[in-house]
Amino acid sequence: MREFKIFLVLVIFTGIVYWGVEPYAHSQMNEHTSAVNFDFKAEDINQAKVELEKAMNSDKTGAEKEKDIEFAKMQLKDYEQLWANVDKIASLKADVSNGKEAFELNCASCHRASFDGFNDADDSISAYGIIYPDLSTAGAIYDDKFLMAISLNPALAMKNHKKYNEQNPHPMLTAFLEEDGSISEENAQSVADIVAYLKSIGNKALLSEQEKLAKEINASKMSDEDKQKAIELSKHRLVFEHACARCHDVKYDKLFAKINANDLAAYMGSIPPDLSMVIRAKGEEYLNKFLNDTQKQLAGTAMPRVGLNAHSQEEVISYLSVVGDSKKAERESLGIKIMIYFAVMAVLAFLWKKAIWKDLH
C-alpha cells in the first residue's frame, strides 16, 4: 500500500507541474497582450491610447518625457485620421471596372497582377533592392480595410512608422492623401475601386493556383490518402508563399525566401528568420497574436504588420504546424499509449510485489 501511495504522489506532482506550473511560467515569461483582433481600427486606436498613457506615466523626466508624450499624441491622432479615411472609403459603392483602370494608373508601374495580365511593372523601381509583390491574390488573403489603409499610409498601416517618417519616407509611395492627411471624394472612390478590383481577381487567382497544384499531385503515384493530405497542405503552403515567403525560409519544406538576404537586411534592418520550427518554439497562440499585430506582441520588431484576414491567418498557422510539428498527432497518440502501458505495468508490479513479499508483511 505504501508503494501505491508513493506512486499516487508522483502522479499528482507530475500533473501539477505539467498542467499548472509550466503554463504559469510561460504566461509570466511572455507579456500579456489582448486577444487576436481583426478590427484593426479599434486595435490601433486602443493601442495608441495605451502607449500615450505609458508615456505620460513613465519615470522619464524633462524634455525626454515630453518628446515621448508628443510622439504618442501624434501617433494617436494619425491613427484616428487614417481609420476615419478608411471608414470613408469603405462606405462607398465600388466599381470593379473602374478599379482595374485605377490600378493600371496608380499601381501597375510597381506592382504586377499577373493573373489579370498586368506584367509590365518596372523592376528597376525597387526599395533597397526589394521588388514590389505581385498583387494577384492580395484581395483574397489580406483584410479589405488593411488594403485600404496600406494604400493611404503604408508605414502607419504596417506599423513601422517609427522607422519611416517625413525625413525617411516609406519606399511604397502613394499619393491619395491631401497635405493635411484627409482624402478627397475622388481619391477615396479610386481606392475603393482598386480594392474591389483586387478582391474580384484575388479568389480566382488563388483558386487557379490551387487547382494547378492539385492536378500535379493527383498525377503522382501517391496513395489516395496521401494525395488528399498533400492537396490540403498545398493550400496552406500557397497562402504562406504569398503572405510570408518573400522574406522567410521554411527549410524543412525546401521553401526559400524569394528576396536576397542582404537586400532584406538593408530593408528590414535584419535578416528574417527561418520559420521551420517557429510553431514549436513560440506556440500557436503566440503566432496568432504576432501575425495579427507584430508590434503589440513584440514591440520594436522590424517585422511589419502582415494584415491577413482571419481565414488566411489560419492557413498560415496550419502550414507552419504541419511542417514544423509534423509528428504532433503521432506524439500525442503515442503519449496516451505510453501512459496506459505504465499504468498496467504499475498494477502488475504491485501484484508481483504483493505475491512475493506477502509472507514478510
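The two residues A196 and V96 have their closest heavy-atom pair at O-CG2, 4.0 Å. Nearest heavy-atom pair across A157 and L82 is N-CD2, 4.3 Å. Residues L213 and L238 come closest through the heavy atom pair CD1-CD1, 4.2 Å. Residues E241 and K258 share a closest heavy-atom pair of O-NZ, 3.9 Å. Counting all heavy atoms, side chain and backbone alike, P272 lies closest to H248 at CB-CE1, 3.4 Å. Closest of all the heavy-atom pairs between K145 and D87 is NZ-OD1, 3.7 Å.
V278 has its side chain out of reach of P273: every pair of non-hydrogen atoms, C-beta onward, lies at least 4.5 Å apart.
More than 12 heavy atoms of other shown residues, nucleotides or ligands fall within 6.0 angstrom of atom NZ in K88.
How far CG of L287 is from CG of L275: 8.0 Å, rounded to the nearest 0.5 Å. Here the CE-CZ distance, from M158 to R305, works out to 10.5 Å after rounding to the nearest 0.5 Å. Rounded to the nearest 0.5 angstrom, I194 CD1 and N106 CG are separated by 4.5 Å. Taken from CG in L76 to CD in Q81, the straight-line distance is 11.5 Å, to the nearest 0.5 Å.
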Which side-chain N or O atoms in residues 200-212 pair as donor and acceptor under 3.5 Å with protein atoms at least two apart or in another chain?
{"residue": "S200", "atom": "OG", "partner": "Y197", "partner atom": "O", "Å": "2.6"}
{"residue": "E209", "atom": "OE1", "partner": "H242", "partner atom": "NE2", "Å": "3.2"}
{"residue": "E209", "atom": "OE2", "partner": "H242", "partner atom": "NE2", "Å": "3.1"}

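The ring-ring contact (aromatic ring centres under 6.0 Å, His included) analysis of residues 43-92, with sequence neighbours excluded, yields the pairs Y79-H161.
The aromatic rings of F146 and Y142 sit tilted, their planes meeting at an angle between 30° and 60°.
At a cut-off of 3.5 Å, with distance as the only test, a side-chain donor of D193 or Q189 sits close to an acceptor on the other residue.
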